Amino acid sequence: MKYTLETNQLAVPTWNKFNLNTRKITLSAEKSTPIAPIITAPAEVKQGKAPLFTNKFIDILPNAVIDYVQNEPTQVNSFSLPEGTVLTVPITINFNLPDEQKQNTILDFHLAKDSVAEINIVFYGDKYQGGEINNLFRLQLLENAKVTVRTFNLLGRRCQYCENVLAVLAENAQFSLEQTPLGGKETLAAAYVQLDGQKSRSHIQNRYIGIDEQQLDFNYSTKHFAPDTHSETYLQGILFDQAEKVSRATIDFIRGCKKAVGIENENVLLLGENVKNKSVPLILCGEDDVQGTHGTSIGSLNEEQSFYLQTRGLDTEEQNTLLLDTALSYIKQKLSPELATKLNDYYEVDTDDKL
């Protein structure tokens with residue numbers, strides 16, 4: 001038995017023919033025996049194996065995949081930081097998944113007043129593995145709490161991967177999310193942030209690389225409820241071969257969020273004749289005293305740039321290899337030596353044979 005579910009819904013629908021309003025994915029009703037993560041966390045962190053939040057944790061549009069994971073989780077881990085806790089080493093959560101794994105994972109994080117943490121979440125496996133991995137990461141930040149969350153997906157080329165991040169921020173809370181959704185044949189990543197408290201801040205960064213016939217689908221939505229809130233959403237990526245990507249990024253200024261600031265920006269480099277890219281930046285404004293900016297830059301190397309590289313002895317294939325290596329070098333700076341080696345292996349064949 002299989003389910004066809006909708007996710008990554010655009011806040012305001014556009015023409016259906018553009019196939020931008022939502023994303024449909026097909027999931028199997030069967031589940032594998034859950035694989036627990038390898039967790040490294042300081043002693044101050046209280047851990048559990050039950051959800052911390054209800055299904056009404058955040059105000060978002062209907063999302064069948066999120067509902068599915070919340071109602072039928074196969075792996076749950078929770079983490080709570082007491083008031084005033086400042087972690088000096090990150091919480092690390094690593095999932096090494098076998099071929100054809102089917103798993104719904106919930107990770108819940110509660111950061112009490114004045115607490116500070118870094119969280120690294122990694123999913124990886126065999127380079128050519130398949131499977132269905134659906135993840136839901138939920139965070140609640142109380143007053144003055146600060147967190148940086150880094151998620152890294154390097155699952156196999158046949159895998160379907162879906163990642164949703166939900167965050168609710170109180171006064172002066174600061175939330176930073178760095179997503180690197182590289183692995184999988186069909187890869188979805190999304191984040192929904194609710195700025196409830198005055199002067200709360202959100203920063204989201206997505207760095208992606210699309211290869212082969214990979215399908216990437218991203219959705220970001222930040223709701224400004226309180227005054228003096230600030231949000232930034234940045235996407236930066238490269239598409240090769242026949243890769244396809246859709247991205248949606250919404251800033252929603254709710255009445256009462258005076259002096260709020262929202263920024264969206266995306267840069268996409270197209271390095272394949274058959275790549276497809278669709279980008280939808282969106283601002284919704286229910287308050288007049290706010291600042292919202294958005295922009296998207298889409299293109300390939302121009303003749304002048306390509307000619308310069310040719311004068312350095314690089315043909316078209318070598319130019320593409322250089323650009324891929326540059327993107328990977330930045331990503332590897334944030335990885336352990338073991339994961340950096342896996343990243344090299346993941347792209348080595350494609351770099352040699354296709355680029």
Side-chain angles (χ1 to χ4, degrees), residues 8 10 14-26 127-128 130 153-161 179-189 205-220 234-249 264-281 294-332 343-355:
N8 285 6
L10 187 63
T14 183
W15 296 101
N16 287 326
K17 65 181 180 181
F18 296 144
N19 294 320
L20 295 171
N21 292 328
T22 189
R23 175 78 178 198
K24 292 183 179 181
I25 63 172
T26 301
K127 181 176 180 178
Y128 296 106
N153 158 27
L154 198 62
L155 291 170
R157 301 285 178 84
R158 297 182 296 108
C159 191
Q160 179 177 275
Y161 181 86
Q179 287 181 311
T180 311
L182 301 179
K185 181 177 181 180
E186 184 179 13
T187 298
L188 288 71
Q205 175 78 59
N206 176 328
R207 291 184 178 272
Y208 60 88
I209 298 171
I211 60 172
D212 295 330
E213 297 178 352
Q214 191 174 25
Q215 297 182 32
L216 306 173
D217 197 284
F218 307 134
N219 193 35
Y220 297 95
Y234 300 105
L235 292 87
Q236 185 167 343
I238 307 176
L239 300 179
F240 296 97
D241 306 316
Q242 293 84 41
E244 299 182 8
K245 189 230 75 182
V246 175
S247 62
R248 310 165 193 84
E264 296 173 350
N265 187 265
E266 180 175 11
N267 292 292
V268 190
L269 185 59
L270 310 179
L271 294 178
E273 294 183 359
N274 298 311
V275 300
K276 294 181 180 179
N277 177 79
K278 299 176 183 177
S279 301
V280 189
H294 61 84
T296 302
S297 174
I298 305 169
S300 55
L301 288 180
N302 60 39
E303 291 184 2
E304 182 178 347
Q305 293 168 326
S306 181
F307 177 75
Y308 172 79
L309 292 175
Q310 289 177 22
T311 64
R312 301 290 177 174
L314 301 178
D315 61 23
T316 300
E317 292 184 356
E318 292 169 329
Q319 292 174 29
N320 289 350
T321 300
L322 175 64
L323 293 168
L324 176 61
D325 288 345
T326 300
L328 293 177
S329 295
Y330 181 87
I331 293 171
K332 285 187 286 188
L343 187 65
N344 287 336
D345 176 67
Y346 194 85
Y347 287 99
E348 183 177 6
V349 172
D350 298 86
T351 301
D352 293 341
D353 293 352
K354 298 182 180 178
L355 300 180

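None of these values were measured; they are calculated from a predicted model.
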Asker: Would you say Asn267 and Leu269 make side-chain contact, with heavy atoms under 4.5 Å?
Answerer: no

Asker: Are Lys278 and Glu244 side-chain neighbours, meaning at least one heavy-atom pair lies under 4.5 Å?
Answerer: no

Asker: What pair of heavy atoms forms the shortest contact from Ala249 to Glu264, and how long is it?
Answerer: O-OE2, 2.8 Å

Asker: Within this structure, what is the OG1-CG distance for the pair Thr22 and Asn8, rounded to the nearest 0.5 Å?
Answerer: 7.0 Å

Asker: Which atoms form the tightest heavy-atom contact between Arg158 and Tyr128, and what is the distance?
Answerer: NE-O, 2.9 Å

Asker: State which residues pass side chain to side chain donor-acceptor pair (under 3.5 Å) with Asn277; sequence neighbours excluded, sorted by chain then number.
Answerer: Lys245, Ser279

Asker: Show the nearest heavy-atom pair for residues Cys159 and Leu155, with the distance to one decimal.
Answerer: SG-CD1, 4.0 Å

Asker: Distance from Leu271 atom CG to Phe240 atom CZ, nearest 0.5 Å?
Answerer: 5.0 Å

Asker: Going by heavy atoms in the side chains, are Tyr208 and Asn153 under 4.5 Å from each other?
Answerer: no

Asker: Taking atom OH of Tyr161 and atom CD1 of Ile25, what is their separation to the nearest 0.5 Å?
Answerer: 12.5 Å

Asker: Report the distance from atom CD1 of Ile238 to atom OG1 of Thr326, rounding to the nearest 0.5 Å.
Answerer: 8.0 Å

Asker: Please report the closest heavy-atom contact between Leu182 and Tyr346, naming both atoms and the distance.
Answerer: O-OH, 4.2 Å

Asker: How far apart are the closest heavy atoms of Gln214 and Thr187, and which atoms are they?
Answerer: NE2-OG1, 3.9 Å

Asker: Apply salt bridge (Lys or Arg N to Asp or Glu O under 4.0 Å) to Glu186 and list each qualifying residue two or more places apart in sequence or on a separate chain.
Answerer: Arg23

Asker: Between Thr14 and Asn21, is any pair of side-chain heavy atoms under 4.5 Å apart?
Answerer: yes

Asker: Tell me, with the steps shown, if Ile331 and Ile209 meet side chain to side chain contact (heavy atoms under 4.5 Å, CB included).
Answerer: CA-CA 11 Å; Ile331 293 171; Ile209 298 171; 4.3 Å; yes

Asker: Got a sec: does the NZ of Lys332 have more than 12 other heavy atoms crowding it under 6.0 Å?
Answerer: yes

Asker: So Arg248 and Asp217, do their side chains get closer than 4.5 Å, heavy atoms only?
Answerer: yes

Asker: Have Tyr220 and Glu266 got a donor and an acceptor in their side chains that come within less than 3.5 Å?
Answerer: no

Asker: Does some side-chain heavy atom of Ile211 sit less than 4.5 Å from a side-chain heavy atom of Leu324?
Answerer: no

Asker: Do the side chains of Leu216 and Leu239 get nearer than 4.5 Å, heavy atoms only?
Answerer: yes

Asker: Judged by atom type as modelled, is there a donor-acceptor pair below 3.5 Å linking the side chain of Asn274 to the main-chain atoms of Gln242?
Answerer: no

Asker: Do Lys185 and Gln215 come within less than 4.5 Å of each other through their side chains, counting heavy atoms only?
Answerer: no

Asker: Which heavy-atom pair separates Asn206 from Pro181 by the least distance, and what is that distance?
Answerer: OD1-CD, 3.6 Å

